[in-house]
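Quick caveat: nothing in here was measured; it's all calculated off a predicted structure. Residue numbers start at 1 and run along the sequence shown.
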Amino acid sequence: MSNKLLAAGMLPLAAFAHAESISSSADDAMVVTASRFEQPVSTVLAPVSVLTRTDLEELQANSLVDALKTLPGIEIGQSGGRGQNASIFLRGTESRHVLVLVDGVRLPRTMLGTIDFNMLPLNTVERIEVIRGSGATVYGSDAIGGVINIITRNNAEATRFSMGGGSFGTASADLGVTRKLTDSLSMQLMGGMESVDGYNVRPSDENVGDKHGFESKNVSLRLSYVPSENWNSNVIGRWYQNEVEYDSYGSKQKLWVESSAISADSGYTSGKWNTLARLEVGQQKNYDFADGLTPSADNLNSEIRQIYSSLTSRYQARDNLAVTTGVDLTLEKYLDGNFISIDSIEDNPRQNIGVFGLVNWNITDSILLEASSRYDDNDQFGDNTTSMVAAGWTINEDYRLFASYGTAFKAPGFDKLYGWGGNAKLKPEESENIEVGLEGTTYNVGWSLNGYINTIDNLIISRKDSSGEYVNENVEEARIKGIELTADFDLGPVYNQVSLELRDPKDLSKNEQLARRAKEVAKWRTSVWLGDVLLGTQFMYQGERPNFSGGGMLDAYSVWDLTAQYDISNNITLGGKVANLFDEEYETAGDYPAAERAFYVNLNFAY
């Protein structure tokens, strides 16, 4: 926190530079998600959390869910162990109210609802940036609770290899090679695989002895062309294939997904201008079939395609004034599958055009204003305008106060429009978020205190109509009030990171607590170097919460993880983890017990 406040006094807006995909250490205090361009975290007028590659390795994270659950504001609802469906609730909002980006581009899966984070390979990730609060004015639909941007690796010349194993028959291996082909051209190739035998994620009398496992394969290729200091271009191809076993009323079923994407981007800096153009085509197939079968046309659940293009520019009008503008076009097409009948879709492909503008203005050395607005025009639901205004006041070198007001929306996905209970007349869910924050450094403790109220209208639920059939409708309203306290500090050689969240996530229409969201959440992360050994702990407490609307309560729980890392040499590292150290019995989704105590070990080589 002290680094953030120091940067506020030393880094003017002129320090902003082109980047939508960066590779940097935590000490750089630079982020790209807030405006699509690199900027000091001190100039972001919203709470920001960053997990660097170093953090991911210190946490010994086995998945993105493992990593994200350690961050403030995030709660997890998972139907069992590794690979099972996982929902992420950010600041008490629905899982579908979290915008998920990979290198600044939303995933194709968004058109069918929420993202399953277990399906994204962790070995390709360089850093994760999470912005809590409305982000719709820059990215459009979905960012009611916040934005999660997963930034992929773009290493300097290196060779990496890792292998690991552990409980539940876990085995994994990853390889990454980056080479300069010429002075201006470099290539990066990465690949990985993982296999988990798993455990019985939903024990019953019908499935005694079953195990529900997970298998994953992934490959990515990046070509980077940097002919000069002010020009940088990339062509990136990504592919992954996952298979997860799950329980369906006592019978073992399999979900099989294949996802691929190819993208190209080019950024150019000239004088006061930074410009970035991007084009990406992503496609995903999902199959659902009984154990013993294989993917086929008969069990194709969905095949979808997304084409995304954008052009963004930042103009540094003066040392204290920067203007960012952008336009993006998204085409979403449902290609095939039994999840939705193609004949029922009115707009296929569905087109969305968005235009936004953002202004950052340092009125004085201590006062920063930010205002932004975005207009979206969508084939399906018409147009929508969102806006945000924020102000920050650096009281002195140790303290800063900020406040913001922003609106956001969530466009109904094809699942709500045309799936079970489909209603083509649905309107977007809309929100208003008000926030006040104070952050500072006191006695070498960096801390922040944030309070917010997020009101969400036109919430979509499924209910019976006059004929007794279930139909999706915009009928509910939610209000989430919360306070977040975070702190980081050293106790002797031990680094500590603590967060405490108190919130009231309420469905106003039913006057009840929102499902799977607690009123109290606490997290504590520690680490200490003892020579060449890094020891760490991660603690999480989640209060009781309803399993579903009107349902029974899930018990509160507390879980400890223990991690260790030994630097054998400059090039070789041995890591280990004990997850659920005290073998706590708990559930984050009703009738799906979380994994018992588990042990993992991995060996990393880097040259």
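In this structure, S220 contributes its side chain and L189 its backbone to no donor-acceptor pair below 3.5 Å. The closest donor-acceptor contact from the side chain of N230 to the backbone of T269 lies under 3.5 Å. A side-chain donor-acceptor contact under 3.5 Å links R400 to the backbone of S42. With R53 contributing its side chain and V125 its backbone, the two residues share a donor-acceptor pair below 3.5 Å. Panel note: side chain R222, backbone Q188; no donor-acceptor pair is recorded below 3.5 Å.
Across all non-hydrogen atoms, the minimal contact from A411 to F381 is CB-CE2, 3.1 Å. For Y418 against I340, the heavy-atom pair with the smallest separation is CB-CG2, 3.6 Å.
A salt bridge links D328 with R374; the closest basic N to acidic carboxylate O contact falls under 4.0 Å. Classification of K180 and D183 as a salt-bridged pair fails, no side-chain N sitting under 4.0 Å from a carboxylate O. Salt-bridge check for E94 with K410: failed, with every basic side-chain N at 4.0 Å or more from each acidic carboxylate O. Note on E429 versus K416: no salt bridge recorded, every NZ/NE/NH1/NH2 to OD/OE distance being 4.0 Å or above. Between D103 and R238, at least one side-chain N (NZ, or NE/NH1/NH2) sits under 4.0 Å from a carboxylate O, which counts as a salt bridge. Electrostatic pairing of E484 and R132 counts as a salt bridge here, judged by a charged N lying under 4.0 Å from a carboxylate O. A salt bridge does not link E280 with R106: every distance from a Lys NZ or Arg NE/NH1/NH2 to an Asp or Glu carboxylate oxygen is 4.0 Å or more.
When side chains are defined from C-beta on, L358 does not count as touching T137, because their heavy atoms never get closer than 4.5 Å. Annotation: side chain of S141 is not in contact with side chain of P428 (no heavy-atom distance under 4.5 Å). Under the 4.5 Å side-chain criterion, counting only non-hydrogen atoms from C-beta, D415 is in contact with F339. Side chains of D174 and R160 form no contact here, defined as non-hydrogen atoms less than 4.5 Å apart. In this structure, W361 and N320 have side chains that are in contact, with non-hydrogen atoms separated by less than 4.5 Å. Using a 4.5 Å cut-off on side-chain heavy atoms (C-beta onward), P47 and R91 make contact. N154 has its side chain out of reach of E126: every pair of non-hydrogen atoms, C-beta onward, lies at least 4.5 Å apart. Residues S310 and R36 are in side-chain contact: their nearest non-hydrogen atoms beyond the backbone lie under 4.5 Å apart.
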Kindly determine whether S216 and E194 satisfy side-chain hydrogen bond (donor to acceptor under 3.5 Å, both in side chains), including the steps that lead there. CA-CA 5 Å; S216 175; E194 180 183 4; 5.2 Å; no
From CA spacing to verdict: side-chain hydrogen bond (donor to acceptor under 3.5 Å, both in side chains), N472, N423: CA-CA 6 Å; N472 297 322; N423 179 0; over 6 Å; no
Exercise for review: Begin with the C-alpha distance, continue with both residues' side-chain angles, and end with the deciding distance and a verdict on side-chain hydrogen bond (donor to acceptor under 3.5 Å, both in side chains) for T486 and S448.
Suggested key: CA-CA 5 Å; T486 65; S448 66; 2.5 Å; yes
Give the intermediate values and the outcome of side-chain contact (heavy atoms from CB on, under 4.5 Å) for residues L107 and L120.
CA-CA 10 Å; L107 293 169; L120 298 170; 3.9 Å; yes
Problem - Derivation and outcome, side-chain hydrogen bond (donor to acceptor under 3.5 Å, both in side chains), residues E303 and Q283 - result: CA-CA 7 Å; E303 183 178 5; Q283 191 157 320; 2.9 Å; yes
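Summarising the local packing, CZ of R305 is surrounded by 12 or fewer heavy atoms from other residues, nucleotides or ligands at distances under 6.0 Å. The environment of W393 atom CH2 is sparse: at most 12 non-hydrogen atoms of other residues, nucleotides or ligands sit within 6.0 angstrom.
F414 does not carry R350 over the face of its six-membered ring by the limits of under 6.0 Å from the centre and within 45° of the normal.
Ring centers of W231 and Y225: under 6.0 Å apart, within the cut-off.
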